[in-house]
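In what follows, a structure is listed as structure tokens, so that the remarks can point back to it.
The analysis underlying the following values was restricted to heavy atoms, covering all of them including side chains, and did not include hydrogens, waters or symmetry mates. For clarity, every value in this text was computed on a predicted model and none was experimentally measured.
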Amino acid sequence: MAMKFVALLTIVLLFVLVQETKVTNGAVNCNPLQLSPCANAITSSTTPSAICCSKLKEQRPCLCKYMKDPRLQKMISSPNAKKVATTCGSPFPRC
């Protein structure tokens, strides 16, 4: 029950932040809400879905920007987020 609450809270947080964080980075539309399919894998250590991996690879150029945002930093730089990225074959860039 608590994990579902954390996942829901994460998605709501991402939705709120997306209003302020939308930035175009080349051809990529940096939008942290696009990472919401990864919320369950990040919060519960479950295997990431194919959609999560696809979105993570798409948003990879934006991860350094997200990690600099104090509102997103804790979740993006968490050990589980890095584990999800590695599992998806898209390790975090060095920022």
Side-chain angles (χ1 to χ4, degrees):
M1 178 78 171
M3 294 309 288
K4 288 182 182 180
F5 177 73
V6 170
L8 179 61
L9 183 62
T10 301
I11 291 170
V12 170
L13 176 64
L14 286 172
F15 180 74
V16 170
L17 294 175
V18 75
Q19 301 305 319
E20 298 175 23
T21 312
K22 282 187 178 179
V23 177
T24 301
N25 184 5
V28 177
N29 182 16
C30 292
N31 180 343
L33 188 57
Q34 294 295 314
L35 297 175
S36 62
C38 298
N40 192 42
I42 292 170
T43 60
S44 67
S45 298
T46 59
T47 302
S49 67
I51 294 170
C52 166
C53 290
S54 173
K55 292 297 183 179
L56 184 61
K57 289 175 184 175
E58 177 185 293
Q59 292 291 304
R60 189 172 190 273
C62 308
L63 293 178
C64 287
K65 182 168 188 68
Y66 298 162
M67 289 182 7
K68 291 177 184 174
D69 185 328
R71 298 166 295 182
L72 297 172
Q73 185 178 36
K74 187 174 183 178
M75 182 178 51
I76 297 295
S77 63
S78 74
N80 277 349
K82 291 179 181 182
K83 182 178 175 184
V84 168
T86 300
T87 302
C88 289
S90 183
F92 274 37
R94 293 186 185 245
C95 302

Beyond-backbone contact of L56 with T87, side-chain heavy atoms, under 4.5 angstrom: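 With C-beta onward as the side chain, the pair stays apart.
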If you take all heavy atoms of [X] and [Y], which pair is closest and at what distance?
X   : Y   : answer
Y66 : C30 : OH-C, 3.2 Å
M67 : I76 : CG-CG2, 3.1 Å
K57 : S90 : CG-CB, 3.6 Å
P48 : A41 : CA-CB, 3.8 Å
R60 : F92 : NH2-C, 3.8 Å

Distance in Å, N29 CG paired with C62 SG, rounded so as to fall on 0.5 Å steps: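 Interatomic distance, N29 CG to C62 SG, rounded to 0.5 Å: 7.5 Å.
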Rounded distance (nearest 0.5 Å) linking atom OG of S77 with atom NZ of K82: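 It comes to 6.0 Å.
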Intermediate values then yes/no, disulfide (SG to SG under 2.5 Å), C52 and C88: CA-CA 8 Å; C52 166; C88 289; 4.6 Å; no
Set of residues satisfying side-chain hydrogen bond (donor to acceptor under 3.5 Å, both in side chains) with respect to S49, sequence neighbours excluded: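 Partners of S49 under the side-chain hydrogen bond (donor to acceptor under 3.5 Å, both in side chains) test: none.
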Partner set under side-chain contact (heavy atoms from CB on, under 4.5 Å) for S78, not counting sequence neighbours: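 S78 satisfies side-chain contact (heavy atoms from CB on, under 4.5 Å) with I42, N80, A81 once adjacent residues are dropped.
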Set of side-chain contact (heavy atoms from CB on, under 4.5 Å) partners for E58, sequence neighbours left out: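 If we apply the side-chain contact (heavy atoms from CB on, under 4.5 Å) test to E58, skipping adjacent residues, the hits are Q34, K55.
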